[in-house]
Every structure is written in structure tokens, then in C-alpha cells.
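Data first, discussion second: the structure below is written as C-alpha cells.
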Amino acid sequence: MNDEKLIIDGQEFNSRLILGTGGLPSLDILSEIIETTSAEIATVAVRRVDPNQKVSIFKILNERSIKILPNTAGCYTASEAVKLSEMARESLETDWIKLEVIADEKSLLPDSTEMLRACEILIDKGFKVLAYTNADLVIARKLAALGASAIMPLAAPIGSGMGLENINGLIRIIQEIDYIPIIIDAGIGTASDAAIAMEIGADAVLVASAITRAVDSVKMAKAIRLGVEAGFLASRAGRIPRQLYAVSSSTKDNIPNLT
């Protein structure tokens, strides 16, 4: 993990909170969320953008100099994901893509076989792939070997708000694959989840539903931003070890005898 900047594919970012725009109640609130989070990257599900909107989400993001990370949400096969990625590159003039290939509509969990196939094809075509995957070290290793620009293991199913269900799986990926960014994606429910994700060593956190579907999106955006910042600082500070029994906070040296 870099001590100062988040670096993805050689590009530097100050914020370690990536904003997902799925589930926004309206575009009117997007600007306020961006300002509150200080996010510099935002994902957009290209397939689900309404081309007839009077105010485009892309216009809002561009006006605020937010790097747009198109994603392939809604794709079930490698061929679908590749086709949508090529459309996104042509229309948005970016070779960055958040690769999502899901197995089924109910769980929205990644289909590892199709995702790996799509990742290989896209990298061969010159894309910078940020790959959404299960918290599976074996799959993460394969993605890294293919040349993924970042690995984005899920904390829990998309939009579930369940927090870090497989924390040990995430830790294994973070500890072993420390040469490309590991971005915790999906399942974050509140600020404490984001803080824990950063405390275990993640390079960044992507949050969508926890902010966009909160009762007060702007307040939650601020809380999660602070959680990310606090977790990152804690990960660098070096916490005290856990112990079963108490450890006195002061020594017994020079204690006066009161008997």
C-alpha cells in the first residue's frame, strides 16, 4: 500500500474512496455526494445509463473532473462484457474498465470462469482491467498473472450491506498480492465496514449502495469518507497486539509503598 497516493495504472489519486453511482435516488444529489466524499473516481454502469436523460451523469462527473470508470454490470458472459467494454471505450474515450461478469440475477456473484476469459481478452485488446471477483486467493492470483490493473474482491454480495463476510479471504489476497491495488468492492453497509476494510490493508474501497440508498445519502457519504480515512491511518499506525489478559498501561517502577 502506498503511504501517500492511491496509484492505479500509474495514475495518482488523493482519495481512497471510489464512488459507485448505482442506486442514486436522483442526479441532483450526485454533486453533493461528490463534494462530501472528495472522491476522484466514480463507476458508471454503461448498460443502465438512460441516454434520454436531460442531465447526463457523465456531464456531472466531467464538470467535477471525476475519472469515469465504466463497468460491465449486467453482463453474464465474457462476450457480453467484451462488447460492452468496447462500446464504453469508444463513447467515453477511456481504456479503463471495471469488469463485472455475474453468474445469476439473485446472488449477483461473479462468474469466475467467464470473468477470467473476459479479462484475458480485454487485456489483449489494451484495456486496463479492474476486475470484480470473489474473495478467492486462487482467482486473484490468476487475475494478477493475466495483468489486471487492480483486483476488486467483494466483501459481501452487491447491495447487501452485510459488511466483510469473508474477512480472512480478503486478508489473504491483500497480504499476498501486494504489488497491484486491492480495492474492496460490494457489501459495505456503513462507515465501520469501510474502516475495517482499510484497517486490514486494502488500498481503497468502492462504495455505492451504502451511500446512495442510505436514508440521508450525504451524511452517510461523509461518514464513510471519514471511515476510509480513519481505517487507512490506523493501518499505518501499528495497533497494539490482542492479548487474553490485561496489560497495565504504566510500569511498576517507582511506585510508592503505601503499606
Side-chain angles (χ1 to χ4, degrees), residues 1-20 33-34 36-43 66-67 69 98 130-141 143-144 148-158 160-211 214 219-244 247 249:
M1 179 185 291
N2 185 278
D3 283 338
E4 300 297 331
K5 307 281 189 179
L6 170 63
I7 301 175
I8 305 174
D9 187 43
Q11 297 189 39
E12 296 184 350
F13 303 92
N14 294 305
S15 175
R16 292 177 181 269
L17 173 56
I18 298 173
L19 181 63
I33 290 174
I34 291 170
T36 302
T37 59
S38 300
E40 297 168 284
I41 306 172
T43 65
I66 303 298
K67 183 170 184 63
L69 175 58
K98 180 193 170 189
L130 289 76
Y132 172 66
T133 180
N134 293 299
D136 182 325
L137 177 58
V138 174
I139 299 300
R141 284 173 179 158
L143 289 166
S149 296
I151 296 171
M152 306 180 75
L154 58 85
I158 292 171
S160 68
M162 291 296 291
L164 279 65
E165 286 191 320
N166 185 4
I167 191 168
N168 290 323
L170 295 171
I171 290 171
R172 291 186 190 100
I173 293 171
I174 289 166
Q175 289 184 347
E176 180 167 327
I177 304 174
D178 58 359
Y179 45 91
I180 57 175
I182 306 299
I183 302 167
I184 305 301
D185 180 11
I188 297 296
T190 190
S192 57
D193 297 333
I196 293 169
M198 297 304 295
E199 284 180 10
I200 65 174
D203 292 285
V205 172
L206 189 149
V207 182
S209 297
I211 292 174
K219 282 184 180 177
M220 185 59 78
K222 181 176 182 180
I224 289 177
R225 187 202 84 212
L226 293 173
V228 169
E229 292 172 359
F232 176 69
L233 288 174
S235 74
R236 311 311 294 167
R239 63 159 291 145
I240 63 171
R242 291 182 172 89
Q243 302 190 76
L244 290 176
V247 178
S249 58

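We use all heavy atoms of the structure for the numbers below, so side chains are in, but hydrogens, waters and symmetry mates are not.
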If you look only at distance, which donor and acceptor atoms sit under 3.5 Å apart when one is on a side chain in residues 183-193 and the other is two or more places apart or in another chain?
residue, atom, partner, partner atom, Å
Asp185, OD2, Lys98, NZ, 2.7
Asp193, OD2, Gly189, N, 2.8
Asp193, OD2, Thr190, N, 3.2

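By the neighbour-count criterion of 12 heavy atoms within 6.0 Å, atom NZ of Lys222 is sparsely surrounded, having that number or fewer from other residues, nucleotides or ligands.
In this structure, Tyr132 and Leu206 have side chains that are not in contact, with every pair of non-hydrogen atoms separated by 4.5 Å or more. With a 4.5 Å cut-off on side-chain heavy atoms, Arg16 and Val205 do not count as touching.
Residues satisfying the side chain to side chain donor-acceptor pair (under 3.5 Å) criterion with Ser209, sequence neighbours excluded, are Arg213. Judged as a salt bridge (Lys or Arg N to Asp or Glu O under 4.0 Å), and not counting sequence neighbours, the contacts of Glu229 are Arg225. With sequence neighbours left out, the side chain to side chain donor-acceptor pair (under 3.5 Å) criterion links Asn168 to no other residue. Scored by the side chain to side chain donor-acceptor pair (under 3.5 Å) test, Glu40 finds no partners at all (sequence neighbours excluded). Considering only residues two or more places apart in sequence or on other chains, Glu12 meets the side chain to side chain donor-acceptor pair (under 3.5 Å) condition with none of them.
Met198 and Gly231 get closest at one heavy-atom pair: CB-C, 3.5 Å. In plain terms, the two heavy atoms of Pro157 and Leu154 that are nearest each other are N-CD1, 4.4 Å. Nearest heavy atom pair, residue Gly20 against residue Thr43, reads CA-OG1, 3.3 Å. For the residue pair Pro181 and Ile7, the shortest heavy atom distance occurs at CG-O, 3.2 Å. Residue Ala221 comes nearest to Ile33 through the heavy atom pair CB-CG2, 4.2 Å, listed as atom of the first residue, atom of the second, then distance.
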(request) Might you work through the side chain to side chain contact (heavy atoms under 4.5 Å, CB included) test for Glu199 and Arg239, ending with a clear yes or no? (result) CA-CA 10 Å; Glu199 284 180 10; Arg239 63 159 291 145; 5.8 Å; no
